[in-house]
There are 2 protein chains.
Amino acid sequence: MADRAGQRRIPEATVARLPIYSRALLETAEAGVGTISSERLAALAGVNAAKVRKDLSYLGSYGTRGVGYEVDHLVHEISRELGLTQDWPVVIVGIGNLGHALANYRGFGARGFRVAALVDADPTKLERKVAGLRVEGLDALADVVAQRDVSIGIIATPASAAQEVADLLVEAGVRSILNFAPAVVSVPEGVSLRKVDLAIELQILSFYQSHPPDRLVDESTETVREAQG
Amino acid sequence: MADRAGQRRIPEATVARLPIYSRALLETAEAGVGTISSERLAALAGVNAAKVRKDLSYLGSYGTRGVGYEVDHLVHEISRELGLTQDWPVVIVGIGNLGHALANYRGFGARGFRVAALVDADPTKLERKVAGLRVEGLDALADVVAQRDVSIGIIATPASAAQEVADLLVEAGVRSILNFAPAVVSVPEGVSLRKVDLAIELQILSFYQSHPPDRLVDESTETVREAQG
DNA sequence: CCGGGCTTGTGCACAAGGTCACAAGGTTCC
DNA sequence: GGAACCTTGTGACCTTGTGCACAAGCCCGG
Ligand SMILES: NC(=O)c1ccc[n+]([C@@H]2O[C@H](COP(=O)([O-])OP(=O)(O)OC[C@H]3O[C@@H](n4cnc5c(N)ncnc54)[C@H](O)[C@@H]3O)[C@@H](O)[C@H]2O)c1
Ligand SMILES: NC(=O)c1ccc[n+]([C@@H]2O[C@H](COP(=O)([O-])OP(=O)(O)OC[C@H]3O[C@@H](n4cnc5c(N)ncnc54)[C@H](O)[C@@H]3O)[C@@H](O)[C@H]2O)c1
């Protein structure tokens, strides 16, 4: 259906796994390994080998039958597909507990996500320098985003301010938002929004701890090791 | 198939949404509203109304046709289903940047998740008190888990230590783990594992920013507002 | 040059999840 | 008492995702 673009459309589930493959491949490359099979990569990524092959097939045919995938090449192709060949300046809004930790997080720059600005509404924080950056006022958000070409906004404010901050980010031109506040935020079409919600994760864990999987129905011995998906 | 338990099996996707409903309902209750329709709840949760009804139907029939759902009752039923009627003591392993932020996070206790212990491998950190708790050594993990009845473990160590820490947690008796380290961790059957991975989220955002949805194929006017799912 | 042995790429069948539409069932108002 | 109105609960259908199994394809040894 309408694949007139010639390019296959990459499924969401695949997109979510590409970064995992990428990380595993980078580690493999560092170990000096030149080639990797789907089975090995699947083990490293904690998924099924067929899934790996199908996922990678969306990028084109970069594997060699009987041999596997060339690690360096694959890393490059995945990076290109994920858009990691360019820099993505990030603004963090809300420099409290969490904002501080994020600002100081070293792993940020590793994949081209550079913290370009820190913004907070509290005037008493404007003096501070955090992780080498000056904290700026909320009113400076629009200018900062425009001037430093910020493309991703991270919301680390209290939940009550999340929607307002999201609106400001969108208005300023940010097209991707990552929300850490425990609030439902909505954005206009064309803007991507993802959330990280600690409370939800814990409550899901609580559910499964309260509802042990029914092992009485089928005493199968299949080793269903839960792995990160 | 094998619903001999009499209880319907709650789909994973539904479980992941229950905490969102719960939060929305608590806010609604605070506002003094006694009854809520699936449509209103759907709007608050950022989902489809039919989905809300189907999700809630798994808990039993707690709605009244023509009226809606009684807010207090629903809050109670969801809490019960999620297992939030009891306390879940949590241990945080790795008291660095992120571990500090988590330890100081006030929103923790709100739903019965109490930080019961802080553990780190670095001997120089053992002296410190963080958020009113003394940081304890990795060798104390097993005792701490047993004595304080810890049921959930949070991994906030570097990626290289994640699997090792997970193994220790499992060995100590923890059956639910939340992993913040960017590493694939695997656990035995019967242990729940969830992950929160900042780098992956950013890379997914990067992908969608690099691949604008193909608006040329179908210039439909449907308002597909991306909301948090 | 050919055959054996691997590993990829993918068709297919199935499972899970989402959306629509509507009958069932309750309430309210006259 | 009854009819109009509203909202739930759910069956049917569609989309997306998963896993199996196997043919196609490539390398290497002889
Ligand atoms: N601390 C954690 O470990 C943690 C974990 C998970 C989720 N969260 C969530 O992350 C968010 C931040 O948590 P925190 O512990 O850092 O809170 P915090 O109170 O320490 O920090 C919030 C910061 O946001 C600023 N702020 C408030 N309103 C603002 C606005 N309108 N615009 C810009 N800045 C504004 C405040 O001045 C403050 O500096 C919260 O929503 C919290 O629920 C925190
Ligand atoms: N800082 C952030 O904002 C942030 C954001 C997302 C993800 N993360 C991830 O969270 C993890 C922690 O990040 P951080 O910034 O706090 O790092 P950090 O280096 O500040 O802290 C790591 C802590 O773990 C301790 N540690 C090391 N090995 C250990 C072991 N085997 N057992 C117990 N403790 C051990 C260290 O002593 C240190 O205190 C990392 O994996 C990081 O990638 C951090």
Side-chain angles (χ1 to χ4, degrees), chain A residues 1-3 8-18 20-21 25 33-43 45-71 73-74 77 204 213 218 220 222-229, chain B residues 1-3 8-18 20-21 33-71 73-74 77 204 213 218 220 222-229:
Chain A
M1 46 193 111
D3 59 338
R8 31 222 158 302
R9 174 149 239 81
I10 301 189
E12 265 185 66
T14 296
V15 172
R17 281 188 295 267
L18 288 181
I20 304 178
Y21 300 151
L25 289 167
V33 179
T35 217
I36 191 171
S37 70
S38 62
E39 192 141 2
R40 175 109 189 82
L41 179 51
V47 300
N48 178 296
K51 211 185 293 186
V52 168
R53 292 198 294 274
K54 195 164 280 186
D55 285 342
L56 295 183
S57 77
Y58 289 113
L59 309 185
S61 291
Y62 298 127
T64 306
R65 290 161 137 103
V67 177
Y69 300 86
E70 211 226 316
V71 177
H73 188 199
L74 208 46
E77 291 302 332
I204 294 173
D218 183 349
S220 67
E222 53 178 348
T223 307
V224 183
R225 282 173 73 94
E226 280 191 52
Q228 298 185 349
Chain B
M1 43 192 113
D3 58 339
R8 29 220 158 305
R9 175 150 239 82
I10 301 188
E12 265 186 64
T14 296
V15 172
R17 281 188 296 268
L18 289 180
I20 304 178
Y21 300 151
V33 178
T35 217
I36 191 171
S37 69
S38 61
E39 192 141 2
R40 175 110 190 80
L41 179 52
L44 292 175
V47 301
N48 178 296
K51 211 186 292 189
V52 168
R53 292 198 293 277
K54 196 162 277 191
D55 284 344
L56 296 182
S57 78
Y58 289 113
L59 309 186
S61 289
Y62 298 126
T64 307
R65 290 161 136 105
V67 178
Y69 300 86
E70 211 225 316
V71 177
H73 188 199
L74 209 46
E77 291 301 333
I204 294 173
D218 183 350
S220 68
E222 55 177 346
T223 307
V224 183
R225 282 173 72 91
E226 279 191 51
Q228 298 184 346

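Lettering of chains follows the sequences in order, A, B, ..., and the numbering in each one begins at 1.
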Problem set entry | Secondary structure of DNA chain D in dot-bracket form (Watson-Crick or G-U wobble, distances below 3.5 Å, | marking inter-strand pairs) | ||||||||||||||||||||||||||||||
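- Qualifying side chain to side chain contact (heavy atoms under 4.5 Å, CB included) partners for B:Ser37, counting only residues two or more places apart in sequence or in other chains: B:Glu39, B:Arg40.
- Spacing between atom NE2 of A:His73 and atom P of C:dT8 amounts to 15 Å, rounded to whole angstrom units.
- Following rounding to the nearest Å, B:Ile10 (CD1) and C:dA16 (P) show an atom-to-atom distance of 15 Å.
- Going from atom CG of B:Asp55 over to atom CD1 of B:Ile10 covers 9.0 Å, rounded to the nearest 0.5 Å.
- As a whole-Å value, the separation of B:Leu59 CG from D:dT8 C1' is 14 Å.
- Residue-to-nucleotide proximity on DNA chain D shows that, of A:Ala50 and B:Ser37, the 5′-proximal contact is made by B:Ser37.
- Between the CZ atom of B:Arg53 and the P atom of C:dG18 there is a distance of 15 Å, given to the nearest Å.
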N/O to N/O distances under 3.5 Å, protein versus nucleotides 2-4 of chain D:
none

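- No side-chain heavy atom of B:Thr64 sits under 4.5 Å from any side-chain heavy atom of B:Thr35.
- If you take CG of A:Leu56 and C1' of C:dG9, they are 11 Å apart, rounded to a whole angstrom.
- Distance CD1/A:Ile20 to CG/A:Leu25: 11.5 Å, rounded to 0.5 Å.
- Proximity of a side-chain donor or acceptor of B:Ser38 to a complementary backbone N or O of B:Val52 within less than 3.5 Å is not detected.
- Nucleic acid contact for A:Thr14: none, since no nucleic acid atom lies under 4.0 Å from a heavy atom of the residue.
- An OP1 or OP2 oxygen of C:dG18 is reached within less than 4.0 angstrom by a side-chain nitrogen or oxygen of B:Arg17.
- Backbone-only engagement by A:Glu12 is indicated by non-hydrogen atom pairs under 4.0 Å involving sugar-phosphate atoms exclusively.
- Annotation: side chain to side chain contact (heavy atoms under 4.5 Å, CB included) contacts of A:Glu70 (sequence neighbours excluded): A:Asp72, A:His73.
- In this structure, CZ in B:Arg53 is found 7.0 Å from OH in B:Tyr69, a value given to the nearest 0.5 Å.
- Atom P of nucleotide C:dT7 and atom CG of A:Leu74 are separated by 16 Å, given to the nearest angstrom.
- Here the closest non-hydrogen pair linking B:Glu77 and B:Tyr62 is OE1-OH, 3.0 Å.
- One interatomic measurement links the two molecules: OH of B:Tyr58 to P of C:dA16, which rounds to 11 Å at whole-angstrom precision.
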Could you go over nucleotides 12-15 of chain D and give all protein N or O partners under 3.5 Å, atom names and distances?
{"from": "D:dA12", "atom 1": "N6", "to": "B:Lys54", "atom 2": "NZ", "distance (Å)": "3.2"}

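- B:Tyr21 contributes atom OH, which lies 10.0 Å from atom CG of B:Leu59 (distance to the nearest 0.5 angstrom).
- Contact check, A:Asn48 against D:dG17: no side-chain N or O comes under 4.0 Å of OP1 or OP2.
- C:dG18 atom P lies 5 Å from atom NZ of B:Lys51, rounded to whole Å.
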For this session: Output, in order, the C-alpha distance, side-chain angles, deciding distance and verdict of side chain to side chain contact (heavy atoms under 4.5 Å, CB included) for B:Leu44 and B:Ile36.
Result: CA-CA 11 Å; B:Leu44 292 175; B:Ile36 191 171; 4.1 Å; yes
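- Taken residue by residue, residues 62-71 of chain B places heavy atoms nearer than 4.0 Å to DNA chain C at B:Thr64, B:Arg65, B:Gly66, B:Val67.
- Of all non-hydrogen atoms in A:Leu74 and A:Leu56, the two that sit nearest each other are CD2-CD1, 3.8 Å.
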